[in-house]
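Data first, discussion second: the structure below is written as structure tokens.
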Amino acid sequence: MISIFRKLLTPKGIGAGSIIISVTTILSYVLGLVRDRIFAQYFGTTIFTDAYQTAFIIPDIILNICIVGALSGVFIPIFIDSLEHSQEKADRLASTFLTVMGVTLVLMSIVAYLLLPQLIPLVIPADAPPEGIKAAMDLSAIMLLYPLLVGLSNTFGAILQSYHRFLSYGIASTLYNLGIIIGIVLFADQLGVFAAGIGVIIGFTMHMLIRLWELKLTKFRFTFSIDLKDKDFHKILTLMWPRVITLLTVVIVLREFSFVGYQLPEGSNTAAAMARNFQSFAISVFGVAVATAALPALSKQASKKDDLHFGTTLYQTLTQTLTFSIPSAIGMAFVSSSLISVVIKGGAFDDRSLAMTSTLLILFALSVPLESLMHVYSRAFYAWKKVWVPTIASIVFAVITISTIHFLKESMGVNSFAVGWVLGTSAQSLILIIWMHLSHKKSNLAFAKMPLFLTKLLGINAAMALLLFGLAQLPLTP
């Protein structure tokens, strides 16, 4: 039993790592369904649940600016380079990063709390119902407690990935969902939707503690120090800004969801968030999990300029991603209504909520294969430290998504969110794919297979576009 546990802590190979992340993602998803069911049946789709969704925007902006931009693809390749040199060098880099970013997160959260009356109008329109604006402000104040917890936890997770340790990395999301469930069950009767906000803090606390526990089992040792002269730390700061822009484009799109959603029927933002929660399961399992497990290997191969093995690893990762993500997207679209009805219908989540959410899921599901590939290709670019390429693609995504929403919101209502997301993701993925293969077309034998792979992918895009067009002609608006 002990030997099995040790193997789970230190899996060998990308496949083993992706299996661990995929399995823990599935566990997290199952508990996430329980979370959504409890949330939906307690609160339904109302102006207050819309405020709950809006309350994540300001803390997420702080996180993306301060730390997530560095951790998603930038930190790991540089940390691994330092680790190849010496453990002491890697410890010094990570300790400086944790110290500087931790202090910055605390200060920015305090400033945001003090400026909440000025910041809230940026994420919720002034003509929204007064009770919705007040709820969004109060919930945002609670949520500002989590940037430090998430910042520490995600840094711990990035270090663990560098050591090929994925168990607590995956389990953490399960504990996050459990925390929200605990908050709702214990406090909903007294606090209403604010109980979910308290649950978020409980969940992220457990999210951080489980990763801290496994981090103590590695060779990494933290020392409270700030070595601002560390060249690798400077490199992280330099390379993180394109990634920050990339992440902020998603936040800007979600902010647009929030603004437009308040102009649509009550609960539109909540329905869109729930539909994306279902959609994100397939992306997490077949895109993020596989890409996350592959990043350390891709980073090492890129660091050694080993084009042959880099191309082979990337090709295998792409094949694995497409094999499962396309059928999952099709299946999710076909069973959307039944799936949501079985999982979360009941209580305050009525027929109107079901119709709105299931329709959105049909449309959002179309982006699953493309969004999964986007995660893989983005990490391949990060391994080569070509961080500006995903940034350019993400800006195109934001422009197309937001433009589509505003063009279609009058005719399609909340469904314009999903249509814009699919079209934006399609353009984003194609930019990454074409750029990668044009820049590496002569690198090794594995990439010689890519013209056929790209042709198939373009066919998938065309089929998805036709299906989207057909669905858009149906009377889907509830």
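Expressed to the nearest 0.5 Å, how far CG of Leu298 lies from CZ of Arg379 amounts to 10.5 Å. With rounding to the nearest 0.5 Å, the separation of CG in Leu432 from CD in Gln428 is 6.0 Å. Atom-to-atom distance recorded for Leu186:CG and Ile184:CD1 is 10.5 Å, nearest 0.5 angstrom. Rounding to the nearest 0.5 Å gives a distance of 11.0 Å between CE of Met356 and CD1 of Ile340. Note that CZ of Phe278 is 9.0 Å distant from CE of Met332, once rounded to the nearest 0.5 Å. To the nearest 0.5 Å, atoms CG (Leu370) and CD1 (Ile283) are separated by 9.5 Å.
The shortest side-chain heavy-atom distance between Leu139 and Phe56 does not fall under the 4.5 Å cut-off. Using a 4.5 Å heavy-atom threshold, the side chains of Leu144 and Ile62 count as touching. Side-chain contact between Ser268 and Gln263: absent, with no pair of heavy atoms (C-beta onward) separated by less than 4.5 Å. Thr155 is not listed as a side-chain neighbour of Arg211, based on a closest heavy-atom distance of 4.5 Å or more. No side-chain heavy atom of Met412 sits less than 4.5 Å from a side-chain heavy atom of Lys409. Counting heavy atoms from C-beta outward, Ile198 and Leu191 have side chains that approach closer than 4.5 Å. Trp241 places none of its side-chain heavy atoms less than 4.5 Å from the side chain of Thr391. For the pair Asn269 and Phe417, the minimum side-chain heavy-atom distance is below 4.5 Å.
Summarising the geometry of Ala275 relative to Leu360, their closest heavy-atom pair is CB-CB, 3.7 Å, with the distance given to 0.1 Å. The two residues Asp36 and Asn277 make their nearest non-hydrogen contact at OD2-ND2, 3.4 Å. Across all non-hydrogen atoms, the minimal contact from Ile180 to Ala196 is CG2-O, 4.4 Å. The two residues His406 and Glu256 make their nearest non-hydrogen contact at NE2-OE2, 2.5 Å. In terms of heavy-atom proximity, Ile182 sits nearest to Ile202 at CG2-CD1, 4.4 Å. What you find for Ala380 and Leu314 is that their closest heavy atoms are CB-CD1, 4.0 Å.
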Test log, rule ring-ring contact (aromatic ring centres under 6.0 Å, His included), inputs Phe48 and Phe43
CA-CA 8 Å; Phe48 295 105; Phe43 310 123; 9.8 Å; no

Please evaluate residues Tyr377 and Leu318 with respect to the criterion side chain to side chain contact (heavy atoms under 4.5 Å, CB included), reporting the C-alpha separation (whole Å), side-chain torsions for both, the decisive distance (0.1 Å), and the verdict.
CA-CA 8 Å; Tyr377 275 97; Leu318 294 171; 3.1 Å; yes

So Asn415 and Leu408, side chain to side chain contact (heavy atoms under 4.5 Å, CB included) or not? Walk me through it.
CA-CA 8 Å; Asn415 294 330; Leu408 295 177; over 6 Å; no

Candidate pair Ser140 and Ile120, rule side chain to side chain contact (heavy atoms under 4.5 Å, CB included), full reasoning
CA-CA 9 Å; Ser140 294; Ile120 284 296; 3.7 Å; yes

Test Ser109 against Leu148 for side chain to side chain contact (heavy atoms under 4.5 Å, CB included), laying out the working first.
CA-CA 8 Å; Ser109 294; Leu148 178 62; over 6 Å; no

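Checking side-chain atoms of Thr357 against main-chain N and O of Leu354 turns up no donor-acceptor pair under 3.5 Å. For the pair Ser153 (side chain) and Leu149 (backbone), a donor-acceptor distance under 3.5 Å is absent. No donor-acceptor pair closer than 3.5 Å links the side chain of Ser429 to the backbone N or O of Ser426. In this structure, the side chain of Ser378 does not engage the main chain of His375 through any donor-acceptor pair within 3.5 Å.
A donor-acceptor pair shorter than 3.5 Å can be found between the side chains of Thr45 and Ser353. Using modelled atom types and a 3.5 Å distance limit, the side chains of Tyr262 and Thr54 yield a donor-acceptor pair. When only modelled atom types and interatomic distance are considered, Asn177 and Thr174 share no side-chain donor-acceptor pair under 3.5 Å. For the residue pair Asp60/Tyr146, the side-chain donor-acceptor check at 3.5 Å is satisfied. For the residue pair Thr321 and Ser372, no side-chain donor N or O sits within less than 3.5 Å of a side-chain acceptor on the partner. Defined by atom type and a distance below 3.5 Å, a donor-acceptor pair is present between the side-chain atoms of Glu371 and Gln279. Side-chain contact, Thr49 with Thr270: a donor N or O sits under 3.5 Å from an acceptor N or O.
Ring geometry, His207 versus Tyr176: the interplanar angle exceeds 60°, so the pair is classed perpendicular (tilted spans 30 to 60°). Ring geometry, Trp421 versus Phe364: the interplanar angle exceeds 60°, so the pair is classed perpendicular (tilted spans 30 to 60°).
Just one of Asn154, Val150, Val251 meets the side-chain contact (heavy atoms from CB on, under 4.5 Å) condition when paired with Leu63; it is Val150.
Within the cation-pi definition used here (under 6.0 Å to the ring centroid, within 45° of the axis), Arg255 qualifies as a partner of Phe259.
Here Tyr52 and Phe39 bring their ring centres to under 6.0 angstrom of each other. Side-chain rings of Phe310 and Trp384 approach one another, their centers coming within less than 6.0 Å.
Counted within 6.0 Å of CD on Glu410, heavy atoms from surrounding residues, nucleotides or ligands total 12 or fewer; the atom is thus considered open.
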